[in-house]
Number of protein chains: 2
Amino acid sequence: MVRPTMYTVANHAGVSIATVSRVLGGRGAAVRARTAQRVLASARAVGYRLNGAARALATQRHGAIGVVFPNLSGPYYGGVILGLEEAAQTLGQSVLIAATHGRPDADDLVSGLATKVDGLVLFGRTASDGMVQELAAAMPVVLLARPQVASAITVRAENRTSAGALACHLVGHGHTRIAFIGDPMSSPDAAERWAGYQDALRDAGIRPPRAPDTCAFREAEGHRVAGLVLRRSRPPTALFCASDEIAMGACAAAVELGRAVPGDVAITGWDDIPVARFLSPPLTTVRQPLAQLGARAAALLQVRIDGVAEPAEPVTLATELVVRASCGCPPGQRPTA
Amino acid sequence: MVRPTMYTVANHAGVSIATVSRVLGGRGAAVRARTAQRVLASARAVGYRLNGAARALATQRHGAIGVVFPNLSGPYYGGVILGLEEAAQTLGQSVLIAATHGRPDADDLVSGLATKVDGLVLFGRTASDGMVQELAAAMPVVLLARPQVASAITVRAENRTSAGALACHLVGHGHTRIAFIGDPMSSPDAAERWAGYQDALRDAGIRPPRAPDTCAFREAEGHRVAGLVLRRSRPPTALFCASDEIAMGACAAAVELGRAVPGDVAITGWDDIPVARFLSPPLTTVRQPLAQLGARAAALLQVRIDGVAEPAEPVTLATELVVRASCGCPPGQRPTA
DNA sequence: TTGTAAGCGTTATCAT
DNA sequence: ATGATAACGCTTACAA
């Protein structure tokens with residue numbers, strides 16, 4: 001029992017495969033209603049399904065875009081990808097995903113993916129600059145939260161200004177010793193937050209630390225690094241964490257050391273992950289438009305896929321300061337949206 | 001400037017496309033090393049990339065599997081999909097994702113996806129029984145956390161026994177009025193947890209409520225429903241929540257009503273999402289092997305894709321009771337893994 | 001070891 | 001409105 005093809009259906013219905021194609025695959029081509037009915041019935045009868053590969057080959061369109069990211073832990077990537085997928089679906093594109101899991105052969109992975117899609121969305125540092133360059137020369141590529149490379153389009157959330165605003169808010173609470181916990185080297189986003197943080201301190205006449213307290217984007221790391229920082233002889237009175245996950249770890253560390261948050265030490269995060277407002281104290285943070293980042297990337301990709309390659313304007317989406325209680329502000333009665 | 005094909009490369013290298021195919025696409029077919037070098041160089045020179053659609057058509061293999069889920073909010077789906085993707089990658093399959101977003105035309109979505117993949121992984125109630133039946137007749141299908149349908153394989157995490165154990169634990173703390181907050185109708189998983197909860201209460205000689213306190217798998221809903229439940233004249237002293245997200249909402253509601261957790265009311269969740277141990281009090285819950293669910297699904301699918309369709313044994317993965325403080329147990333010194 | 005050529009299952013052009 | 005038929009770009013016997 002072989003897989004039925006259009007010929008199977010055509011035979012069954014007594015028409016040509018052209019007609020079958022017109023009713024099953026077609027975009028409303030002219031087919032008599034009665035004929036169409038017959039074809040539809042035959043297709044059902046023989047259990048026919050279109051073959052995506054054959055269509056893709058004939059149309060020169062995969063009808064799919066690929067997205068490459070490091071992993072799916074934490075709400076960040078999932079949020080962006082969800083927005084991406086929804087937008088792509090609307091645009092009639094399927095979405096192929098590939099996680100690098102920090103593998104060294106990520107370039108091969110991306111390269112393989114590129115073989116099956118009309119365009120690529122690459123997160124942060126998932127592919128080497130060389131690979132990005134190579135790919136961008138051959139197909140539409142949009143970079144998410146990564147510095148521009150070659151002809152690829154870049155989409156990102158605003159970081160520097162809002163980081164400044166957040167640091168400034170902390171200064172407004174009277175803090176002068178504010179630590180930055182995160183790793184500017186690991187991601188462009190973190191680098192910009194670090195820059196904005198420094199801007200604000202300098203503007204306030206406070207000398208920022210020479211270097212950040214390096215910390216990966218994970219709770220466990222936040223817990224460890226914050227523990228170290230808080231145990232110093234003259235510890236900071238505020239912790240500017242580069243992500244909510246880091247901040248959560250930091251809160252736990254503070255509690256373990258018997259420091260009250262925000263009484264003894266104020267703590268802020270970044271991302272506004274869903275649980276941020278359920279922590280105690282609710283976390284002051286900066287919200288990124290995750291789904292929009294993804295949706296925007298999909299839309300930009302689609303334009304390039306359909307049309308000519310226009311000059312690539314980097315896109316920056318606005319972020320929003322979300323003030324809750326962990327910075328020292330009085331807690332609201334109900335969880336702040 | 002058209003996209004180069006194998007002919008382009010073949011010309012450039014002065015060989016036939018068969019040779020090009022052997023070195024670029026091939027699985028170590030016999031090609032003289034020098035020839036291979038020449039082909040590789042030419043491919044690079046003309047900027048050639050394999051065409052996935054053409055390969056798929058020629059080999060009768062898409063080299064991809066599809067996974068359909070409701071959404072990506074919360075850590076559950078992301079966790080499973082991550083495991084799925086990693087396993088698929090190892091097996092040399094790409095993964096196509098599609099979220100139904102609760103749309104009514106989910107069947108069309110799935111049907112379209114099926115056109116581009118060698119096999120399908122379907123979460124919960126994402127496709128109608130009829131569609132599952134139809135698909136399973138034509139291609140390998142594995143169902144995740146969904147009751148068995150037709151010839152599809154089913155993979156799920158154990159629910160009933162561990163739900164019983166958890167309810168039993170609550171009873172052990174002296175509770176006799178324990179509410180179940182969740183929606184057994186919405187998912188097979190929830191239904192089994194509800195059943196296990198009833199088992200345990202009956203075993204303890206407690207009469208379970210006739211019906212659960214219906215609540216969708218979302219914080220906001222948990223907040224709302226728990227608020228209602230706790231305001232009753234003779235409120236329960238423990239809340240058995242069908243997910244951690246519900247439990248988080250419930251905790252917030254309890255706090256707002258001035259009830260101490262677990263002093264006035266014990267609360268338990270399900271899933272052991274990463275933040276569960278950072279809540280205050282740390283949440284007692286049941287851990288599901290998310291990544292393993294996905295990996296197992298991918299592996300089972302692969303077997304069916306490669307080989308003959310063997311009889312489908314449902315697979316059930318073990319879960320683990322994670323006792324922390326929200327049930328009334330004394331809190332550990334450090335966050336419990 | 002390398003080349004020739006026949007598919008793979010569609011779409012789309014051109015007749016009819 | 002429908003039918004022939006030539007691509008689409010690759011893999012893979014089969015020859016050489």
Side-chain angles (χ1 to χ4, degrees), chain A residues 1-40 42-43 46-64 92 94 112 114-118 138-139, chain B residues 2-40 42-43 46-64 92 112 114-118 138-139:
Chain A
M1 192 195 93
V2 316
R3 193 179 206 267
T5 71
M6 282 194 172
Y7 287 96
T8 320
V9 179
N11 275 340
H12 188 105
V15 298
S16 73
I17 61 160
T19 299
V20 176
S21 173
R22 283 191 269 255
V23 1
L24 260 25
R27 312 184 277 292
V31 177
R32 203 193 319 173
R34 257 194 53 207
T35 314
Q37 287 310 319
R38 200 143 38 92
V39 171
L40 251 10
S42 296
V46 302
Y48 172 76
R49 322 196 69 86
L50 285 165
N51 180 321
R55 305 188 81 186
L57 181 55
T59 59
Q60 304 272 63
R61 268 287 180 22
H62 290 96
S94 299
T115 242
K116 309 177 164 180
V117 299
D118 299 322
M139 69 190 331
Chain B
V2 318
R3 194 179 203 266
T5 73
M6 280 193 172
Y7 287 96
T8 321
V9 179
N11 276 338
H12 187 105
V15 298
S16 73
I17 63 160
T19 298
V20 176
S21 173
R22 284 190 270 256
V23 1
L24 260 25
R27 311 184 275 293
V31 177
R32 201 194 317 176
R34 254 193 55 206
T35 314
Q37 288 311 318
R38 201 143 36 94
V39 171
L40 252 9
S42 296
V46 303
Y48 173 75
R49 324 195 68 86
L50 285 165
N51 179 321
R55 306 189 80 187
L57 181 56
T59 58
Q60 304 273 65
R61 268 284 200 322
H62 291 96
T115 240
K116 309 177 166 181
V117 299
D118 299 321
M139 71 191 327

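Atoms considered below: every heavy atom in the structure, side chains included; atoms not considered: hydrogens, waters and symmetry mates.
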> Tell me, for nucleotides 7-16 of chain C in 5' to 3' order, what letter each nucleotide earns: B for a base near a protein heavy atom under 4.0 Å, S for only sugar-phosphate near one, - for neither?
Replying inline: BBBBBB----

For the [atom1] atom of [X] and the [atom2] atom of [Y], what is their distance to the nearest 0.5 Å?
{"X": "B:Asn11", "Y": "B:Ile17", "atom1": "CG", "atom2": "CD1", "answer": "10.5 Å"}
{"X": "B:Leu24", "Y": "B:Arg49", "atom1": "CG", "atom2": "CZ", "answer": "10.5 Å"}
{"X": "A:Leu50", "Y": "B:Thr115", "atom1": "CG", "atom2": "OG1", "answer": "5.0 Å"}
{"X": "B:Met6", "Y": "B:Ser16", "atom1": "CE", "atom2": "OG", "answer": "10.5 Å"}
{"X": "B:Arg3", "Y": "B:Asn51", "atom1": "CZ", "atom2": "CG", "answer": "5.5 Å"}

> To the nearest 10 degrees, what angle separates the axes at the start and end of the helix from C:dT1-D:dA16 to C:dT16-D:dA1, five pairs each?
Replying inline: 30°

Using modelled atom types and a 3.5 Å cut-off, is there a donor and acceptor pairing between side-chain atoms of [X] and backbone atoms of [Y]?
{"X": "A:Lys116", "Y": "B:Ala64", "answer": "no"}
{"X": "B:Asp118", "Y": "B:His62", "answer": "yes"}
{"X": "A:Arg61", "Y": "A:Ala56", "answer": "no"}
{"X": "B:Thr35", "Y": "B:Val31", "answer": "no"}

>> Can you tell me if B:Thr19 touches the phosphate of C:dG3, counting only side-chain N or O atoms and a distance under 4.0 Å to OP1 or OP2?
In response: yes

>> I'd like to check the salt bridge (charged side-chain N to carboxylate O under 4.0 Å, His left out) partners of B:Arg55; sequence neighbours left out, ordered by chain and number.
In response: none

>> Can you list everything that forms a salt bridge (charged side-chain N to carboxylate O under 4.0 Å, His left out) with A:Arg32? Sequence neighbours excluded, please.
In response: none

> Contact boundaries of DNA chain D with chain B (under 4.0 Å, heavy atoms), 5' to 3'?
Replying inline: D:dG9 to D:dT12

> Heavy-atom contacts under 4.0 Å between residues 32-39 of chain B and DNA chain C, which residues?
Replying inline: B:Arg32, B:Thr35

> Is A:Tyr7 close to A:Val20 at the side-chain level, that is, under 4.5 Å between some pair of heavy atoms?
Replying inline: no

